[in-house]
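For reference, the structure discussed in these notes is given below.
Proteins get letters first, then strands, A, B, ... in listed order; numbering begins at 1 in each. These values consider heavy atoms only, across backbone and side chains, with no hydrogens, waters or symmetry-generated copies.
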Number of protein chains: 2
Amino acid sequence: MIRVLIVDDHEVVRQGLRFVLDQEDGVEVAGECANGEQALALTRALRPSVMLLDLVMPGMDGLDVLRRLGDDRPAVIVLTSFHEDERILEAIRLGALSYLPKTTAVDRVVEAVRAAAHGGSVLEPRIAGLLVRRMRGERPDPLSVLTPREREVLTALARGRSNVEIARSLSLGRETVKTHVSSILAKLGVTDRTQAAIVGLQQGLVPLDEALLDPDG
Amino acid sequence: MIRVLIVDDHEVVRQGLRFVLDQEDGVEVAGECANGEQALALTRALRPSVMLLDLVMPGMDGLDVLRRLGDDRPAVIVLTSFHEDERILEAIRLGALSYLPKTTAVDRVVEAVRAAAHGGSVLEPRIAGLLVRRMRGERPDPLSVLTPREREVLTALARGRSNVEIARSLSLGRETVKTHVSSILAKLGVTDRTQAAIVGLQQGLVPLDEALLDPDG
DNA sequence: GGGACCCTCCCCCGGCAGAGGGAGGGGAAA
DNA sequence: TTTCCCCTCCCTCTGCCGGGGGAGGGTCCC
């Protein structure tokens, strides 16, 4: 009997998972909870064999839970709507067996639970590809091709600054900033500064909320 | 009998909602689907009285669905994990009765469905507060000063498109787009298109993940 | 020392961006 | 009807943006 612990702050999702898993033979939902602290406590108390873990939760999030699980841990399946590559890789690095977006078909979830019970992994093609590329040493992070200086310039760019403003704030010549911007555009494969700014924001170089604020503020 | 259509690209969520609603007296799930196109088709075919609508979906998203629903529309409850204020307000502006984060307790969802059948609203305190403050004019919605056309242009802007591309996609003259962009800059109090794009992204006009994706979004 | 890469700055040049002004048509409200 | 706003398009003009070169100085490594 595979005993599953569901950790998700969305009650709807918990209900859905419980509903689906309860219909499966050889699988039972041992418990569920809505935050990281409870997840650790319930793991100790219930000793589930599999944990379905949401990454995005208030307070202690999924990555924190993965960090604090002891050696005698359940097989962890990360199930979240969060798509940032770095978080996916971090979760896998921290011992997650499977990583499934919440858009996954329920059959795949069941499949992942059964696989996890035997130490197996179920990965979405995109994430599998990510791992393969990473294994090959390729960089999924588009920003990793940038030099430190270029990253600085892109940061300013993502804040909505003009070349002259960037030049002033970095104590550079206007021409120098132009050079950096040009190579940033080439490296990121975009056509103008606005698109580059969007990439910078997507990669979290600047929190979206702070994008237009003053650098000091 | 309240007939509900569930629109969500997450199968787990659909199952959860169906499970919960099927247990309620006087409520039945008329159908479910995973994208905006199907939502419109099923609305015509099934004539549900209530629609539970996810905002974030591939292809036509929830806001598009709201825009394209005819006058004879079901009561729409927006149920999503997306918290951007502007998208919330835009959804309400477009006729959504209730707006519930997916973290909502299932009882509240049921409550919202029953309320919606009578034209009532169930709002989270935070969102209610947002509406009240907005009503008081405390934090004027930066996008509310824009005309519909300008908002369309800003959306394209936030996707990183150039004036020519915007002109082509909206079937306009390049000059017209320039006019719109100029008034957008003036109204938003920013100096260039990149800053305008950032405002658009901050206000949730375009989900950050989709900002650089294909032309016909 | 030579190579590779980074950072810095320079030139020319085409082109889009953005400011400013003008103008016609249409719809809604006074 | 008049007025006002929105949408559409046109023109000029300034200037920044971005492409394509080139070039000197710095470090690090072979």
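Under 4.0 Å is where a charged nitrogen must lie from a carboxylate oxygen, and between B/Glu175 and B/Lys178 no such pair does. Here B/Glu111 pairs with B/Arg108 in a salt bridge; the nearest charged N to carboxylate O distance falls below 4.0 Å.
Taking atom CG of residue B/Asp192 and atom P of nucleotide D/dC16, one finds them 12 Å apart after rounding to whole Å. We find that CD of A/Gln195 is positioned 15 Å from P of C/dC16, with the value rounded to whole Å. Note: CD (A/Glu152) to C1' (C/dT8) measures 14 Å, nearest angstrom. One can place CD of B/Glu175 at 16 Å from P of C/dG20, the figure rounded to the nearest angstrom. Rounded to whole Å, atom C1' of D/dC5 lies 11 Å from atom CD of B/Glu150. Straight-line distance from the CG atom of A/Leu172 to the P atom of C/dC6: 16 Å, rounded to whole Å. At whole-Å resolution of the value, CD in A/Glu165 and P in D/dC16 are 11 Å apart.
Contact check, A/Arg149 against C/dT8: a side-chain N or O comes under 4.0 Å of OP1 or OP2. Using a 4.0 Å cut-off, some side-chain N or O of B/Asn163 falls inside it from OP1 or OP2 of C/dA17. Between B/Arg193 and C/dG18, a side-chain N or O to OP1/OP2 separation shorter than 4.0 Å is present. In terms of phosphate contacts, A/Thr147 brings no side-chain nitrogen or oxygen within less than 4.0 Å of OP1 or OP2 of C/dC5.
When each of A/Leu172, A/Val164, A/Leu157 is tested with A/Val177 by the rule side-chain contact (heavy atoms from CB on, under 4.5 Å), just one qualifies, namely A/Leu172.
Of the residues in residues 176-187 of chain B, B/Thr176, B/Thr179, B/His180 come within less than 4.0 Å of DNA chain D through at least one heavy atom, sorted by number.
Nearest-nucleotide assignment on DNA chain D puts the 5′-proximal partner with B/Arg174, out of B/Arg174 and A/Arg174. Comparing A/Val190 and B/Gly173 by the nucleotide of DNA chain D whose heavy atom lies nearest to each, the residue mapping closer to the 5' end is B/Gly173.
By the 4.5 Å heavy-atom criterion applied to side chains, B/Arg193 and A/Asp192 are not counted as neighbours. With contacts defined as side-chain heavy-atom distances shorter than 4.5 Å, the pair B/Thr43/B/Val65 does not qualify.
In terms of the side chain to side chain contact (heavy atoms under 4.5 Å, CB included) criterion, residue partners of A/Ala197 (sequence neighbours excluded) are, by chain and number, B/Thr194. Annotation: side chain to side chain contact (heavy atoms under 4.5 Å, CB included) contacts of A/Leu97 (sequence neighbours excluded): A/Ala75, A/Ala116, A/Ser121.
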